[in-house]
Amino acid sequence: MLPAFQPKSEFLTTLTQRGFIHQCSDLAGIDEKALAGELVAYIGFDCTASSLHIGSLVQIMMLRWLQKTGGKPMPLMGGGTTQVGDPSGKDESRKLLSLDQIEANKQGIKQVFTKFLTFGDGKADAVMTDNAEWLTALKYIDFLRDVGRHFSVNRMLSMDSVKMRLERDLELSFIEFNYMCLQAYDFVELNRRHGVNLQMGGSDQWGNIVTGMDLGRRMGTSQLYALTSPLLTTASGAKMGKTASGAIWLNADMLPVYDYWQYWRNTEDEDVGRFLRLFTELPLEEISRLEALGGAEINEAKKILANEATAMLHGRPAADMASDTARKTFEEGVLSNDLPTISVTQAEWSAGIGILTAFVKAGLVASTGEARRQIKGGGLRLNDAAVSDERAVLTHGDLTGDGVVKLSLGKKKHVLLKPV
């Protein structure tokens with residue numbers, strides 16, 4: 001539990017009131033730096049995929065609030081640490097990626113930050129760095145002598161990320177064991193190069209961040225600070241960012257804007273207020289009003305959450321289009337061509353696409369086996385009619401006047417299949 005503390009800075013006041021803070025090394029110290037306009041903070045993001053998903057959105061919003069309140073955000077791309085793999089929260093070793101894959105992923109991830117932060121040369125302008133700049137240049141023996149001597153193996157073995165693997169008798173590779181050393185060294189290097197004095201992250205990173213603080217003290221940096229956010233789950237216990245049909249990616253080429261909007265629209269009732277505080281910039285008074293809505297009225301609050309969260313990432317016009325598409329689809333029963341669309345070639349269409357394959361191709365189910373189970377439960381619909389025959393094949397007669405087939409999973413997930 002955090003000690004009772006009344007922050008004076010706008011930064012910590014905002015984070016406290018909106019529910020961002022889980023652990024902190026020194027609230028008073030961070031508050032003082034924020035008040036003096038001297039807070040420079042980083043969060044590291046490894047390049048394991050070509051997009052981040054909404055599981056990273058809390059940390060991104062922390063950087064955004066830092067900048068809005070006068071601090072300097074420095075998102076760090078893990079071009080170096082991705083070559084090693086973070087064991088935190090993992091039951092098995094992560095597949096090592098090629099340098100080309102890491103670089104491609106890094107470019108995809110960078111796109112997200114331009115939506116949330118202002119980059120430039122000003123005092124509070126964001127700067128993006130990459131730990132490959134210093135990690136790939138390290139001479140291993142020199143690193144062991146100059147940096148490695150400051151790490152206690154006893155303490156490293158007590159870290160949750162290590163202990164979890166050992167207790168379950170799961171393999172922890174030597175290269176992964178080095179990850180916390182490299183992350184700690186990142187903190188030191190960023191302090192030396194850019195004056196970074198705060199590292200933020202999810203609560204699973206607390207041990208790694210504190211290790212970086214300790215390394216800084218041993219290597220003579222200025223005072224370093226740590227602040228983590230809670231790892232979020234939904235009211236029903238599901239992990240944020242993951243659904244039955246896959247991750248909720250932040251890049252539009254990985255997840256259509258409409259699907260992103262729908263994710264927020266489908267928020268559980270109990271989560272509406274919390275998510276409005278974390279993922280929008282609506283005034284707290286307005287959020288209090290919205291979360292107090294009862295019965296069917298809570299759906300209006302969910303639409304506002306979806307609109308605001310989508311507008312922040314994809315822009316207001318895209319959010320309005322997604323909202324309008326949902327309104328036409330659900331409230332007016334109109335087929336909207338703004339629904340996610342999957343193209344199939346005329347050759348594929350003419351050869352005959354089985355109904356099970358069509359739903360897999362649309363991404364509404366993961367396998368034909370899952371499609372069969374959904375059909376038995378009445379969960380799949382073709383042009384708004386329940387699918388009952390798992391051996392059915394799509395024909396030209398199934399095409400609407402717009403030349404598409406509407407596939408639906410339940411009442412809220414729709415995809416158009418279009419021969420081209």
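If you look at Tyr42 and Phe187, their ring centroids are closer than 6.0 Å. The aromatic ring centres of Trp264 and Phe279 sit less than 6.0 Å apart.
Contact check on Glu370 versus Arg373 returns no salt bridge, with no Lys/Arg side-chain nitrogen under 4.0 Å from an Asp/Glu carboxylate oxygen. Under 4.0 Å is where a charged nitrogen must lie from a carboxylate oxygen, and between Asp125 and Lys72 no such pair does. A salt bridge links Arg64 to Glu281: at least one charged side-chain nitrogen sits closer than 4.0 Å to a carboxylate oxygen. Between Glu291 and Arg274 no salt bridge is recorded (no basic side-chain N to carboxylate O distance below 4.0 Å).
The closest side-chain donor-acceptor pair between Gln183 and Gln205 falls under 3.5 angstrom.
Counting only heavy atoms from C-beta outward, the side chains of Lys302 and Val272 approach each other to under 4.5 Å.
With Asn191 contributing its side chain and Thr221 its backbone, the two residues share no donor-acceptor pair below 3.5 Å. The backbone N or O of Leu416 lies less than 3.5 Å from no partner atom in the side chain of Thr341, so there is not a single donor-acceptor pair. A distance-only check finds a donor-acceptor pair linking the side chain of Lys123 to the backbone of Gly37 [under 3.5 Å].
Atom NZ of Lys115 sits in a crowded spot, with more than 12 heavy atoms from other residues, nucleotides or ligands closer than 6.0 Å.
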